[in-house]
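Working notes, structure below.
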There are 2 protein chains.
Amino acid sequence: MKEKETTLKVIAEKLNISITTVSKALKDYSDVSPKTRERVLELARELNYTPNSFAVNLRTKESKTIGLIIPEVVHHFFSSVINGIIAEAEKNEYLVIILQSNESLELEKKQVQLLINKRVDGIIMSLSNESNDDDHIREIIQRNIPFVMFDKISKIIPCSKVIIDDQKAASAAVEHLISVGCKKIAHIRGPVNPQNAIDRFLGYKKALEKNQIPFDKNLVYTCVRVSFEEGYAFAKEICENHPDVDGIFVITDLVAVGVLAYLNEHHIKVPEQIAVIGFSNWFMSQVIQPKLSTVDQPSYEMGVSAFNLLLKEIKAVKEEQPKVIENVVLDTQIIVRESTKK
Amino acid sequence: MKEKETTLKVIAEKLNISITTVSKALKDYSDVSPKTRERVLELARELNYTPNSFAVNLRTKESKTIGLIIPEVVHHFFSSVINGIIAEAEKNEYLVIILQSNESLELEKKQVQLLINKRVDGIIMSLSNESNDDDHIREIIQRNIPFVMFDKISKIIPCSKVIIDDQKAASAAVEHLISVGCKKIAHIRGPVNPQNAIDRFLGYKKALEKNQIPFDKNLVYTCVRVSFEEGYAFAKEICENHPDVDGIFVITDLVAVGVLAYLNEHHIKVPEQIAVIGFSNWFMSQVIQPKLSTVDQPSYEMGVSAFNLLLKEIKAVKEEQPKVIENVVLDTQIIVRESTKK
DNA sequence: TTTATAATCGAAAACGTTTTCGAAATTACC
DNA sequence: GGTAATTTCGAAAACGTTTTCGATTATAAA
């Protein structure tokens with residue numbers, strides 16, 4: 001036999017008072033006498049009462065749950081962001097539903113629909129490489145659902161964003177290569193679509209210009225999958241076709257590690273013959289040989305501020321205040337390790 | 001002015017039919033005429049109707065949402081498991097709320113409560129290192145909430161589990177070290193509490209016995225935080241106090257990478273002087289120097305079967321069938337790389 | 001004692017859906 | 001035409017909570 005759930009009703013019946021009073025007692029309303037409040041609290045504790053969140057959701061029209069869509073979970077950067085988001089969410093008594101788009105626009109669209117249908121209180125998102133300012137994103141805005149983008153954003157969508165200054169960071173990385181004596185610097189860039197790949201490429205170009213190094217489009221290699229293997233393959237191409245390249249700026253550490261693997265295997269000295277700098281400061285980068293120089297991106301903090309921006313929007317929407325769009329740009333930092341220490 | 005939500009009621013009013021009929025039309029009940037069904041479907045599409053999940057949850061007493069508690073998100077193994085779980089969940093139209101215990105029992109307890117209060121349809125969990133068969137776990141069982149444990153499990157909790165045979169896998173790893181000629185093998189083990197650390201230790205011991213190598217408790221080092229730094233420090237201790245050790249079996253790759261870092265820095269040849277084998281096959285292991293031998297643990301598949309076990313339980317509970325406890329033991333595989341290839 | 005004020009309570013509606021069961025309308029059959 | 005069988009519909013209850021507003025009771029003031 002199943003014991004029945006403890007609801008306001010059973011408490012009310014046992015105490016011979018109304019459901020209303022029970023509810024008020026539990027929520028510290030002022031119009032319930034200390035005596036009855038005490039009796040209610042005690043019985044509630046005894047019967048292990050927990051409010052039925054389904055009913056609360058329906059009544060209050062909020063679920064204290066947010067949705068998070070990211071391209072990949074198994075990814076040092078993204079899992080760190082997740083970490084920041086769920087930590088901050090928990091502090092504020094929010095739960096986080098995580099979905100993974102696998103870099104597929106189609107999946108991403110489905111997932112946005114899922115979250116809208118679930119009526120989450122807000123959505124945090126980093127776009128897939130295929131995605132830009134598409135209808136599904138616009139629908140979120142249109143429905144006035146609190147919405148924050150981070151990292152892989154779309155510039156033209158009007159919403160709060162948490163990013164780094166990719167262009168500036170990339171410039172700094174390339175200037176670091178120049179400062180250690182590199183004269184001919186290749187760039188292994190990310191896919192054509194994502195804004196941060198574009199910005200890092202622009203940063204690369206700008207740093208060259210600033211230092212009177214001619215830009216050569218043949219020295220730019222474009223990743224499709226942003227993988228270890230691509231790094232390996234492009235390193236091979238660079239060495240075979242441009243033996244005078246003495247520095248490589250790579251879109252992200254994972255790819256840079258592929259580059260190092262090729263260079264190591266072919267006994268090309270890093271950094272003496274070719275200096276390499278990555279991006280994102282994956283954990284891996286500090287344990288490989290040679291240790292990889294990189295750009296540190298505050299991933300955990302990104303998660304924290306993305307959640308806090310979202311929370312602000314959630315509150316604003318609840319109080320029917322006008323929406324405030326806020327952009328947070330977090331600082332990056334060049335981490336110099338062996339791969340550029342000439 | 002806010003346009004009001006599309007509900008069954010507004011559709012019903014516009015078509016001058018009852019809410020009941022609208023609901024039935026949308027859910028393909030047989031007792032609604034093709035004509036009215038068509039009218040309903042069309043208007044629903046036009047008004048972009050999506051059922052209010054809060055109301056559905058309340059009515060059906062299920063939310064198509066499960067909870068997942070793990071010790072750490074930023075962890076190659078766990079993020080792979082997450083990947084498997086949310087992929088499989090999505091196929092079955094479930095969403096996943098993820099919580100991170102940070103290896104803290106106290107946090108874990110809070111989170112279990114959170115999920116119970118949220119009334120998720122089921123819970124998947126990997127215990128924190130501090131946790132064992134505690135009250136909060138028992139409460140899940142007691143409330144008859146579908147529940148599956150994986151990886152870090154408690155042997156005495158009666159519930160479905162997805163694990164590997166840690167003891168067997170550890171034995172195989174140690175026997176592999178023996179097969180390449182190691183005579184004196186140290187073990188850097190995990191914390192005292194978790195079952196898998198215990199089992200791997202037992203596997204280590206058993207492999208020694210089987211090969212007539214005397215067990216020496218001084219060659220066993222116990223991690224507390226299971227970190228890179230501990231690997232580094234224990235490697236130092238081993239080299240300084242037991243210079244004749246020629247093989248090390250390490251609880252997990254992260255720690256093993258710390259070991260390799262120390263050995264590399266001190267020009268101790270791996271595997272010639274000391275062979276090293278890790279556990280879990282983190283991505284990192286194939287890109288460091290020397291490439292790390294390890295035990296491959298099918299993390300993605302673990303996630304998939306954990307979800308499927310949970311789904312079975314959810315269905316069983318819904319149909320009020322007796323609970324079936326099922327244990328899935330997945331295969332592991334020794335991956336031989338440079339760190340043991342003598 | 002009467003009246004006014006404050007403290008305490010509860011009825012009822014609402015949130016939006018699902019489902020049961022009976023009523024009404026249509027069709028089939030003779 | 002009437003009756004029976006079938007199709008189509010809708011009223012209403014239920015899920016469990018929150019909140020408004022009016023009613024009742026106890027206390028204070030006159």
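Just so we're clear, the structure is a prediction, and the values are computed from it rather than from any experiment. A, B, ... follow the sequence lines: proteins, then strands. Residue 1 opens every chain.
- In terms of phosphate contacts, B:Tyr49 brings a side-chain nitrogen or oxygen within less than 4.0 Å of OP1 or OP2 of C:dT17.
- Minimum atom distance to the side chain of A:Thr21 is reached by C:dG10, of the listed C:dG16, C:dG10, D:dG10.
- With distances taken from any side-chain atom of B:Asn52 to the nucleotides D:dG16, D:dT19, C:dT17, the minimum falls on C:dT17.
- The salt bridge (Lys or Arg N to Asp or Glu O under 4.0 Å) contacts involving residues 99-124 of chain A comprise A:Glu103-A:Lys152, A:Arg119-B:Glu5, where partners must be two or more places apart or lie in separate chains.
- Set against C:dT19, D:dT17, C:dT17, the side chain of A:Leu8 has D:dT17 as its closest nucleotide.
- Taking 4.0 angstrom as the limit, A:Thr60 places none of its side-chain polar atoms (N or O) nearer than this to OP1 or OP2 of D:dT17.
- Taking 4.0 angstrom as the limit, B:Ser33 places a side-chain polar atom (N or O) nearer than this to OP1 or OP2 of D:dC9.
- At a cut-off of 3.5 angstrom, counting only N and O atoms as typed in the model, there is a donor on one side and an acceptor on the other between the side-chain of B:Thr20 and the base of D:dA12.
- Comparing B:Asp31 and B:Ala55 along DNA chain D, the residue whose closest nucleotide (by nearest heavy atom) sits nearer the 5' end is B:Asp31.
- Within 4.0 Å of A:Tyr29, counting heavy atoms only, lie sugar-phosphate atoms of the nucleic acid but no base atom.
- The aromatic rings of A:Phe150 and A:Phe78 sit perpendicular, their planes meeting at an angle over 60°, well past the 30° parallel limit.
- Listed pair A:Lys9 / D:dC15 fails the phosphate criterion, with no side-chain N or O lying under 4.0 Å from OP1 or OP2.
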Side chain to side chain donor-acceptor pair (under 3.5 Å) assessment of A:Ser23 paired with A:Thr20
CA-CA 5 Å; A:Ser23 173; A:Thr20 308; over 6 Å; no

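- In terms of heavy atoms, B:Val73 sits closest to B:Gln100 at N-OE1, 2.6 Å.
- Nearest approach of B:Val120 to B:Ser63, heavy atoms of both residues: CA-OG, 4.2 Å.
- Take the nearest nucleotide of DNA chain D for B:Asn16 and for A:Thr6: the residue whose nucleotide is more 5' is B:Asn16.
- Checking C:dA11, D:dC9, D:dG16 against the side-chain heavy atoms of B:Leu58 singles out D:dG16 as nearest.
- Minimum atom distance to the side chain of B:Val56 is reached by C:dT17, of the listed C:dT17, D:dT19, D:dT8.
- Closest to the side chain of A:Ile17, out of D:dT19, C:dG10, C:dT17, is C:dG10.
- The phosphate of D:dG10 (OP1 or OP2) has a side-chain N or O of B:Ser18 nearer than 4.0 angstrom.
- Of all nucleotides listed (D:dG10, C:dC9, C:dT19), C:dC9 comes nearest to the side chain of A:Val32.
- With hydrogens and angles ignored, a donor-acceptor pair closer than 3.5 Å exists between the side chain of A:Lys24 and the base of C:dG10.
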